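Below you'll find the structure, written out as structure tokens, and then a few comments.
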Amino acid sequence: MISENLREVRQEIQKSCALVSSSPEQVTLVAVTKTVDLATTIQLVQEGIVHLAENRVDKFLLKKQAMVDFPQVNWHFIGNLQRRKVKSIVNEIDFLHSLDNLKLAAEIQKRATSKLKCFVEVNVSGEAAKQGIPPTAVLDFVEELAGYDKIEVVGLMTMAPQAASPVEQQQVFQRLAALRDEVVAKHPLTTCTQLSMGMSNDYQEAIKAGATYVRIGSALFREG
Ligand SMILES: *Cc1c(COP(=O)(O)O)cnc(C)c1O
């Protein structure tokens with residue numbers, strides 16, 4: 001099942017890249033394993049996946065400990081990270097996709113022993129329940145983070161509204177790409193160049209808008 005799902009997702013990534021003449025090598029497939037057990041997670045890695053994402057600190061730590069035999073894995077943390085949990089995780093992950101406030105940044109700065117790659121989460125759609133800074137705050141926030149030497153801002157992250165149409169998804173993703181372009185235009189040497197956007201139900205649209213990291217869970221674990 002998993003290998004078929006994976007084949008299909010990889011094919012879709014290729015198709016979407018072809019539509020906008022970009023290369024599939026520019027899109028990193030991050031498998032979101034928050035809903036599956038250790039055995040299923042390991043199966044993915046055996047299928048060649050080297051980027052895994054979790055969204056609960058305790059579950060992440062258990063999984064990582066159980067997977068010491070797979071040092072090729074890059075660990076991504078998605079979702080809300082509470083400040084009091086930073087110290088237990090900050091030196092265990094390779095990427096954080098949910099940096100959206102300076103208090104969290106300060107805690108990372110205090111606890112990290114080496115630079116952490118972070119995506120700034122942006123609430124493009126403006127939904128009240130969503131995490132992330134407003135689009136108007138992106139430039140200032142990224143500039144502020146330049147003062148934190150334990151944080152490497154690698155790009156911007158967003159989520160489209162759950163019930164959005166492909167047209168609305170496209171608008172959200174293009175807006176994030178435009179914000180990234182603004183940062184790069186103002187700071188040509190910035191490391192804030194990547195776009196983490198696209199999940200199981202909208203990654204094709206995200207790739208068409210320039211996504212370089214897609215975070216895909218349920219599409220990999222579908223049955224039948
Ligand atoms: C769960 C989750 C995903 C993956 O969602 P699917 O719809 O299962 O692909 C991606 N990003 C974030 C932030 C998530 O919480």
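Remember, it's 1-based here, ligands and their atoms both numbered in the order they're listed. No experiment lies behind these values; they were computed from the predicted model shown.
- S16 contributes atom OG, which lies 8.0 Å from atom CD of E205 (distance to the nearest 0.5 angstrom).
- Atoms of ligand 1 found under 4.0 Å from any heavy atom of S218 (numbered from 1 in listed order, with element): 6 (P), 7 (O), 8 (O), 9 (O).
- Considering only heavy atoms from C-beta on, R215 comes within 4.5 Å of S196 through its side chain.
- Only the side chain of K34 comes within 4.0 Å of ligand 1, counting heavy atoms alone; its backbone N, CA, C and O stay farther away.
- Salt-bridge check for E4 with R7: failed, with every basic side-chain N at 4.0 Å or more from each acidic carboxylate O.
- What sits closest to atom 12 (C) of ligand 1 on the protein, heavy atoms only, is I78 CD1, 3.5 Å.
- Annotation for ligand 1: atoms under 4.0 Å from non-hydrogen atoms of R215 are 4 (C), 9 (O), 10 (C), 11 (N), 12 (C), 13 (C).
- Nearest protein neighbour of atom 5 (O) of ligand 1, counting heavy atoms only, is M199 CE, 3.7 Å.
- A salt bridge between K64 and E54 is absent, with no side-chain N of the basic residue lying under 4.0 Å from a carboxylate O of the acidic one.
- Within the structure, the closest approach of N201 to ligand 1 does not fall below 4.0 Å when heavy atoms are considered.
- Remark: ligand 1 atoms within the under-4.0 Å shell around heavy atoms of I216 are 9 (O).
- Taking every non-hydrogen atom of G217 and a distance limit under 4.0 Å, the qualifying atoms of ligand 1 come out as 4 (C), 6 (P), 8 (O), 9 (O).
- Which parts of ligand 1 touch S200 is read off a 4.0 Å heavy-atom cut-off, strictly below it: atoms 6 (P), 7 (O), 8 (O), 9 (O).
- We find the CD1-CZ distance between I216 and R10 to be 10.5 Å, quoted to the nearest 0.5 Å.
- The only option from L176, D202, V172, T212 that meets the side-chain contact (heavy atoms from CB on, under 4.5 Å) definition with M197 turns out to be L176.
- Looking at every heavy atom in both residues, V73 comes nearest to M67 through CG2-CE, 4.4 Å.
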